[in-house]
Amino acid sequence: MPRIEPRTLKGFRDYTPEMMIPRERLIDTARRVYRSYGFSPIDTPALEYLEILQGKGGEETDKQLYKFADHGGRMVGMRFDLTVPFARFAAQHAGELGLPFKRYHIATVWRGENTQRGRYREFMQCDFDAIGTRSIAADIETALVIHDLLRAIGFEQFTIRLNNRKVLTGLLERLELADRATAVLRALDKLGKIGPEKTAEEMIAVAGVSVDQARQIVRLSELAGTNEEILRQIEPLVAGSAKGEEGVAQLRQLLDAVAAAGVSNERIKLDVSIARGLDYYTGTIYETFLDALPAIGSVCSGGRYDNLAELFTSQELPGVGASLGLDRLLAAMEELGMIEKISTPAEVFIPFFEAGRLHDYLRIAAALRAEGIGVEIYPDAKKLGPQLKYADRRGFRLALIAGGDEFAQSKIQVKNLQNAAKKDVPLEENFTGLIAAVKGILQS
RNA sequence: GUGGCUGUAGCUCAGUUGGUUAGAGUGCCAGAUUGUGGAUCUGGAUGUCGCCGGUUCAAGUCCGGUCAGCCACCCCA
């Protein structure tokens, strides 16, 4: 019989226990941080009416959208981020939710683009957004959440790059280039990568700006110094544009507040060249890079979008938030050696040592599980050596060994698999001594 | 989507100008050690050489296509 080759689609992946255990841990961490700020969980369908998703993020995102006709002939799309579905959700449920509304949403999204390290066609995002407020306080909180989140995950060396679309819009207004904003911003986004000269060339060639205009825009790259120093240099560049001035003022408020909240300014950097390709951002923009691996791209990005929901409702629903790229971050952590090779979620291993003692092992396991401790009993009664090897490979913390000798003396050996330390504990009716010994090792 | 590189044992890779039964390290299994893993030694198993086709007396090796991975562009989490 001809076999079907087992395989997965390009950019789509299987997750083994070794990958899923750290993945789930990361999800738990994100959930904990979001909840600590009062964000509530929601979920939305993977599939939406195509009209909901299309035309929201720009040309490029439309190309990447997975779309098809469903069995009823409806044109549908698979969500490609969590922000657009949230705008729809908020417009649909604003009445019952009450405003402002803060939610987090951890779910899979799909993008039909070319793959690379840390770039997949199916990946998980962990979004948090506040909708229904224009207050800068929400922008400030967004930066603080990103900061707390990265630290909770275990990063100390990272940089949150901040910008405000209004600054760029203001500059372009002054230069009378507002109509070519998209092309100019796209070129500007490459500044850090290809340098000011090539960026200027691209602006002249693609966006059709004058040499003088290009020079003025590219001057942004010469801005240097502390965040405050950079702000002072931007001020004259946007002077006269109400929007530009507002953007500078908002950035200043944001940076001051974040500093007041105790965030090191090593981790928050003003970067006027980040524009972000998503068209719906209108104000603050966030991108987060790992200092040890900037090449993998931003692991947590977002911004303020004051007009997104207006496509779905006449009600004002300005929003701000960001998204942690879970799978990209995991790829980075893997590369940085931050992922422990553990493939068991249980800590305690009981070898099936004496063929006739299964009932005893089951009773011991049940007592520990009642205390919230994960326990696995090996399924086959066989030699101890291979069983311990099995436990070792999978990363169990300790083994509880009981054979004929132990049962004869009503005791059990508690073995710490990390340092090979062994100690005997009496086997009592209620296992209190054993539970205490196990907890003692697990907490160390 | 475009271009470049790569694809040989579970993993990392070698494989001579195409030439007989395709190798190493590591991991795996068994034993040395009739009740104790991560060390050592001995033995053992495992390959549609990514897949399809072409050239050739002969293809892991050359050519074309395809799939997948990586890199760059584009964009982005």
Side-chain angles (χ1 to χ4, degrees), chain A residues 2-13 16 18 26 30 57-64 80-83 106-127 146 182 185-187 189-190 193-194 198 202 206 274-279 286-290 295-302 322-332 335 341 349 351-355 357 378 381-408 413-422:
Chain A
R3 291 237 176 76
I4 297 164
E5 194 194 343
R7 57 186 187 149
T8 52
L9 286 162
K10 180 187 179 75
F12 290 71
R13 304 173 302 155
T16 61
E18 251 177 39
L26 224 66
E59 262 177 64
E60 197 60 33
T61 52
D62 280 357
K63 271 192 244 161
Q64 295 177 2
F80 108 151
D81 70 5
L82 301 177
T83 306
I106 298 174
T108 306
V109 302
W110 296 269
R111 295 184 190 177
E113 67 173 331
N114 235 339
T115 57
Q116 239 173 78
R117 176 185 51 158
R119 294 177 73 158
Y120 312 102
R121 288 184 171 173
E122 176 179 70
F123 59 96
M124 189 166 271
Q125 291 195 321
C126 310
D127 273 43
I146 295 173
T182 307
L185 292 181
R186 192 160 292 163
D189 208 38
K190 294 181 209 166
K193 209 175 236 174
I194 65 177
K198 291 208 165 160
E202 177 167 334
V206 179
I274 62 165
R276 304 195 47 70
L278 261 38
D279 287 351
Y286 312 81
E287 291 202 338
T288 311
F289 292 86
L290 304 175
I296 205 153
S298 171
V299 295
C300 189
S301 306
S323 177
L324 179 76
L326 186 94
D327 290 294
R328 174 172 292 182
L329 188 64
L330 275 168
E335 188 159 332
K341 288 249 186 306
F349 179 74
F352 195 166
F353 193 11
E354 280 283 318
R357 290 290 190 168
Y378 196 79
K382 67 175 196 182
K383 288 202 320 191
L384 199 51
Q387 295 196 56
L388 288 174
K389 192 167 186 174
Y390 170 94
D392 182 48
R393 270 196 66 172
R394 266 152 243 258
F396 284 93
R397 302 269 311 272
L398 52 89
L400 301 180
I401 302 168
D405 297 352
E406 282 78 8
F407 285 117
Q413 184 189 111
V414 178
K415 177 164 186 173
N416 184 329
L417 291 172
Q418 254 118 50
N419 57 18
K422 298 181 258 192

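This structure is a prediction, so every number in the text was calculated from the model and none was measured.
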In this structure, how many angstroms lie between the [atom2] atom of [N] and the [atom1] atom of [X], rounded?
| X | N | atom1 | atom2 | answer |
| --- | --- | --- | --- | --- |
| A:Asn416 | B:rG38 | CG | P | 16 Å |
| A:Glu18 | B:rG10 | CD | P | 17 Å |
| A:Arg121 | B:rA68 | CZ | C1' | 11 Å |
| A:Leu400 | B:rG35 | CG | P | 20 Å |
| A:Arg119 | B:rC71 | CZ | P | 10 Å |
| A:Glu335 | B:rC70 | CD | P | 11 Å |
| A:Ile274 | B:rC75 | CD1 | C1' | 15 Å |
| A:Arg397 | B:rG38 | CZ | C1' | 16 Å |

What is the base-pairing partner of [N], counting Watson-Crick and G-U wobble geometry with both distances under 3.5 Å?
| N | result |
| --- | --- |
| B:rG25 | B:rC11 |
| B:rU16 | none |
| B:rG69 | B:rC5 |
| B:rC49 | none |
| B:rA58 | none |
| B:rA30 | B:rU42 |

Less than 3.5 Å between a donor and an acceptor, one on the side chain of [X] and one on the base of [N], is that the case here?
| X | N | value |
| --- | --- | --- |
| A:Arg7 | B:rC67 | no |
| A:Gln387 | B:rU36 | no |
| A:Glu406 | B:rG35 | yes |
| A:Arg328 | B:rC76 | yes |
| A:Lys415 | B:rG37 | yes |
| A:Arg111 | B:rA77 | yes |

Nearest-angstrom distance, [atom1] atom, [N] to [M]:
| N | M | atom1 | value |
| --- | --- | --- | --- |
| B:rA58 | B:rA68 | C1' | 30 Å |
| B:rG27 | B:rG19 | C1' | 33 Å |
| B:rA22 | B:rC29 | P | 27 Å |
| B:rU6 | B:rU66 | C1' | 15 Å |
| B:rG47 | B:rU40 | C1' | 29 Å |
| B:rA30 | B:rU46 | C1' | 15 Å |
| B:rU12 | B:rG53 | P | 28 Å |
| B:rU17 | B:rC73 | P | 36 Å |

*Mind checking whether A:Tyr378 and A:Phe353 have ring centres under 6.0 Å apart?*
no
Selection from [options] that lies nearest to any side-chain heavy atom of [X]:
| X | options | answer |
| --- | --- | --- |
| A:Ile401 | B:rG37, B:rG35, B:rA30 | B:rG35 |
| A:Glu60 | B:rC74, B:rU36, B:rA77 | B:rC74 |
| A:Arg117 | B:rU36, B:rG37, B:rC71 | B:rC71 |
| A:Gln116 | B:rG37, B:rC71, B:rC75 | B:rC71 |
| A:Lys383 | B:rG69, B:rG31, B:rA72 | B:rG31 |
| A:Lys10 | B:rC28, B:rG69, B:rA77 | B:rG69 |
| A:Arg393 | B:rC74, B:rC28, B:rG35 | B:rC28 |
| A:Glu113 | B:rC28, B:rG35, B:rC75 | B:rC75 |

*Drop me the distance from A:Leu398's CG to A:Leu400's CG, to the nearest 0.5 angstrom.*
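Nearest 0.5 Å value for the CG-CG distance: 6.0 Å.
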*Give, for atom NZ of A:Lys415 and atom NZ of A:Lys422, the distance between the pair rounded to the nearest 0.5 Å.*
5.0 Å
*Which residue lies more 5' along RNA chain B, comparing A:Gly404 with A:Leu329 via nearest heavy atoms*: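 Final value for this comparison: A:Gly404.
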_Upstream residue (5' side of RNA chain B) when A:Asp392 and A:Asn114 are each assigned their closest nucleotide_ =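 First, find each residue's nearest nucleotide; the 5'-ward one identifies A:Asn114.
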*asked:* Tell me whether A:Gln125 contacts the main-chain N or O of A:Ile106 through its side chain, where contact means a donor paired with an acceptor under 3.5 Å.
replied: no
_A:Glu122 with A:Arg111: basic N within carboxylate O range, under 4.0 Å_ = no
With a non-hydrogen cut-off below 4.0 angstrom, is [X] in contact with a base, only sugar-phosphate, or nothing?
| X | answer |
| --- | --- |
| A:Gln64 | sugar-phosphate |
| A:Cys300 | sugar-phosphate |
| A:Tyr390 | nothing |
| A:Gly112 | nothing |
| A:Ala399 | nothing |

*Evaluate the side-chain contact (heavy atoms from CB on, under 4.5 Å) criterion for residues A:Trp110 and A:Phe123: first the C-alpha distance (whole Å), next the side-chain angles of each, then the deciding distance (0.1 Å), finally the verdict.*
CA-CA 7 Å; A:Trp110 296 269; A:Phe123 59 96; over 6 Å; no
*Are OP1 or OP2 of B:rC76 and a side-chain N or O of A:Ser301 less than 4.0 angstrom apart?*
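Answer is no, no contact under 4.0 Å.
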*Closer than 4.0 Å, any side-chain N/O of A:Lys389 to the OP1 or OP2 of B:rC29?*
yes
Tell me, do [X] and [Y] make a side-chain contact under 4.5 Å, heavy atoms counted?
| X | Y | answer |
| --- | --- | --- |
| A:Glu335 | A:Arg117 | yes |
| A:Thr61 | A:Phe80 | yes |
| A:Arg328 | A:Arg119 | yes |

*Give a yes/no verdict on base stacking between B:rG35 and A:Phe353: centres under 5.5 Å, planes within less than 30° of parallel.*
no
